[in-house]
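Below, chains carry the letters A, B, ... as their sequence lines are ordered, and counting in each starts from 1.
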Amino acid sequence: MKNFPTFHRKLLAWYADSARDLPWRRTHDPYRIWISEIMLQQTTVVAVIPYFERFLARFPSVDALAAADETNVLRLWEGLGYYSRAKNLLRAAKAVVEKHHGQFPSDIEVLQTLPGIGRYTAGAIASFAFDIPAPIVEANTLRLYCRLLGYQSDPRSSVGQKVLWTFAEAVLPKTGPGRLNQALMELGATVCIPKEPRCGICPVSAHCHAFRDGTQSVVPQQKSKKVMTAITEVSIAIRRGPKYLLRRCPLNERWAGLWDFLRFEIAGDSKSVDTAHLTDTVRERTGLIIECGSQIAELKHAVTRYRITLKCITAIRQDGRLKSGNDWKWVKPADFQKYPLSVTGRRFAELLQRDSM
DNA sequence: TATACGTGGTG
DNA sequence: TCACCAAGTAT
């Protein structure tokens, strides 16, 4: 692309008129910028806003966060997904306090030594908070750069990445790189959108190779679609007196560190559940002998590459002692909220809380 | 380089 | 209903 000064002027004029007013755009505080960037990873703005507000109210500074318990950080993250982000956030906060005297680094190389901060997030923090000319490539700018350049090959390949990061570097102005990066992302997010981009209102369509060629619909090249597998799981809420059994998901499983009711896969699309088999499996896994109750719900959800039908079943503990090797906890429905729950745990918990009232 | 990691909104 | 998508990183 040529004539960057004109490109910058048009883009920034559009941004001044059209930028959304987002909470993390009202500040240059690197801490707030950092929190927002981590939350926004693979997550929509609409989903993030309430989490961002709550998180900042509870942990207003990197020192406050560094002093937090992981459980409390996870509770604030509950429902947002990608929970390793929350754990890395806490680890990084401790590192900032201990290794950087509580001051956020501004150098992109140093930023990338912090857990959870990769190339994009380092560039975002450096440019937004410190106005350092650092390049960024993420979902919005990837799409925008591909169309501006008319780049028809795979932008996710190593060659494609090199092309895009090189352009991201070249497009930066000498003054105000942070604002320009914001404007590029905003254009990608609101105008240069995946399907039917709004080229009619785009301030830089005159600079766009794909627009000139009419190839907006095939640029960027789509990523190969993932195959979904349908499976059936059961979740069993085992009651002992007023309390139910929760299990902390181990580090090598999904929802690592979060809590859930006992849950496991059963043979595919079984219309009726084999309660004898269920009782045996529960005994193997927990050491408890149970009496199965009724199925109180069937929930559908998708996670990673699975479409899951989840049968929620109640049970009563009759006998037996809990096996070690897991974090178990007997918890009253009123206390469920003290534990960061997986999405399946949270939905089942809501049903039980309703019943117990 | 390929895969795991979550969830909710949208057409 | 369902495929696609969202301010990526770690391994």
Side-chain angles (χ1 to χ4, degrees), chain A residues 19-20 22-25 32-52 74 77-89 91-92 111-129 134-145 154 156-161 164-165 168 178 181-190 192-197 220 222-230 249 251-258 260 299-309 340-347:
Chain A
R20 292 166 293 177
L22 302 173
W24 44 87
R25 284 189 179 154
R32 291 179 170 249
I33 305 275
W34 171 51
I35 302 296
S36 74
E37 288 305 331
I38 301 298
M39 287 186 170
L40 285 161
Q41 287 171 4
Q42 301 288 284
T43 309
T44 57
V45 165
V46 172
V48 165
I49 288 174
Y51 282 86
F52 179 79
L74 284 172
W77 211 268
E78 186 185 303
L80 198 55
Y82 287 143
Y83 299 94
S84 64
R85 291 184 296 176
K87 299 177 182 183
N88 285 335
L89 213 52
R91 290 206 293 146
L111 282 165
Q112 284 177 89
T113 67
L114 296 170
I117 297 184
R119 192 173 181 184
Y120 160 72
T121 304
I125 295 170
S127 67
F128 302 162
I136 55 164
V137 179
E138 39 65 71
N140 297 304
T141 42
L142 178 144
R143 187 170 55 246
L144 175 64
Y145 300 162
D154 181 3
R156 296 160 195 84
S157 70
S158 83
V159 170
Q161 285 290 300
L164 294 178
W165 281 99
N181 275 344
Q182 287 277 8
L184 288 163
M185 290 173 66
E186 186 72 359
L187 189 68
T190 63
C192 197
I193 52 182
K195 291 169 186 171
E196 301 187 42
Q222 281 200 317
K223 48 181 158 188
S224 58
K225 64 172 187 285
K226 59 188 170 192
V227 184
M228 298 293 279
T229 309
C249 302
L251 295 181
N252 59 357
E253 287 184 15
R254 194 189 325 280
W255 298 308
L258 276 66
D260 196 357
L299 306 175
K300 304 272 191 187
H301 68 113
V303 56
T304 316
R305 61 191 151 84
Y306 297 105
R307 282 204 61 76
I308 302 176
T309 301
L341 299 173
S342 67
V343 61
T344 51
R346 186 152 35 91
R347 291 190 185 161

Task: Centroid-centroid distance, A:Phe52 to A:Trp24, less than 6.0 Å - done: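 Centroid separation for A:Phe52 and A:Trp24: below 6.0 Å.
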[X] [atom1] to [N] [atom2], straight-line distance once rounded to whole Å:
X        : N     : atom1 : atom2 : value
A:Ile38  : C:dG8 : CD1   : C1'   : 9 Å
A:Leu142 : C:dG8 : CG    : P     : 10 Å
A:Glu37  : C:dA6 : CD    : C1'   : 13 Å
A:Lys225 : C:dC2 : NZ    : C1'   : 12 Å
A:Leu144 : C:dA7 : CG    : C1'   : 14 Å
A:Leu164 : C:dA7 : CG    : P     : 15 Å
A:Gln182 : C:dA7 : CD    : C1'   : 9 Å
A:Phe52  : C:dA6 : CZ    : P     : 22 Å

Task: Pairwise P distance for B:dG6 and C:dT11, with rounding to whole Å - done: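 It works out to 14 Å between them.
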Open item on the list: Between B:dC5 and C:dA7, how far apart are the two P atoms, rounded to whole Å?
Closed with: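 So the two P atoms sit 23 Å from each other.
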Between [X] and [Y], do the side chains contain an N or O donor and an N or O acceptor separated by less than 3.5 Å?
X        : Y        : answer
A:Tyr120 : A:Glu37  : yes
A:Gln161 : A:Arg156 : no
A:Arg85  : A:Thr43  : yes

Base, sugar-phosphate or nothing for [X]? Non-hydrogen atoms, less than 4.0 Å.
X        : answer
A:Trp24  : base
A:Arg25  : base
A:Ser36  : nothing
A:Ala124 : nothing
A:Leu184 : nothing
A:Thr121 : sugar-phosphate

Task: DNA chain C: 5'-proximal contact among A:Arg119 and A:Ile193 (nearest heavy atom) - done: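 Closer to the 5' end of DNA chain C: A:Ile193.
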Open item on the list: Using heavy-atom distances to pick each residue's nearest nucleotide on DNA chain C, tell me which of A:Phe128 and A:Arg91 is more 5'.
Closed with: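 Mapping each residue to its closest nucleotide by heavy atoms, the 5'-most match is A:Phe128.
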- [ ] Determine yes or no for a side-chain-to-main-chain donor-acceptor pair under 3.5 angstrom, with A:Arg143 supplying the side chain and A:Pro220 the backbone.
- [x]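 Such a contact is absent between A:Arg143 side chain and A:Pro220 backbone.
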Open item on the list: Can you build the contact string for nucleotides 2-11 of chain B? Use B for base contact, S for sugar-phosphate-only contact, and - for no protein heavy atom under 4.0 Å.
Closed with: --SBBBS---
Open item on the list: Can you give me the closest heavy-atom contact between A:Ala168 and A:Tyr145, atom names plus distance?
Closed with: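 In terms of heavy atoms, the two residues are closest at CB-CE1, 3.6 Å.
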Task: Closest approach of A:Val303 to A:Arg254 (non-hydrogen atoms, all atoms of both residues) - done: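 It is CG2-CD, 3.4 Å.
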Open item on the list: Going by the rule side-chain hydrogen bond (donor to acceptor under 3.5 Å, both in side chains), which residues pair with A:Arg20 if we only count those two or more places apart in sequence or in a different chain?
Closed with: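 For A:Arg20, the residues satisfying side-chain hydrogen bond (donor to acceptor under 3.5 Å, both in side chains) (neighbours in sequence not counted) are A:Glu186.
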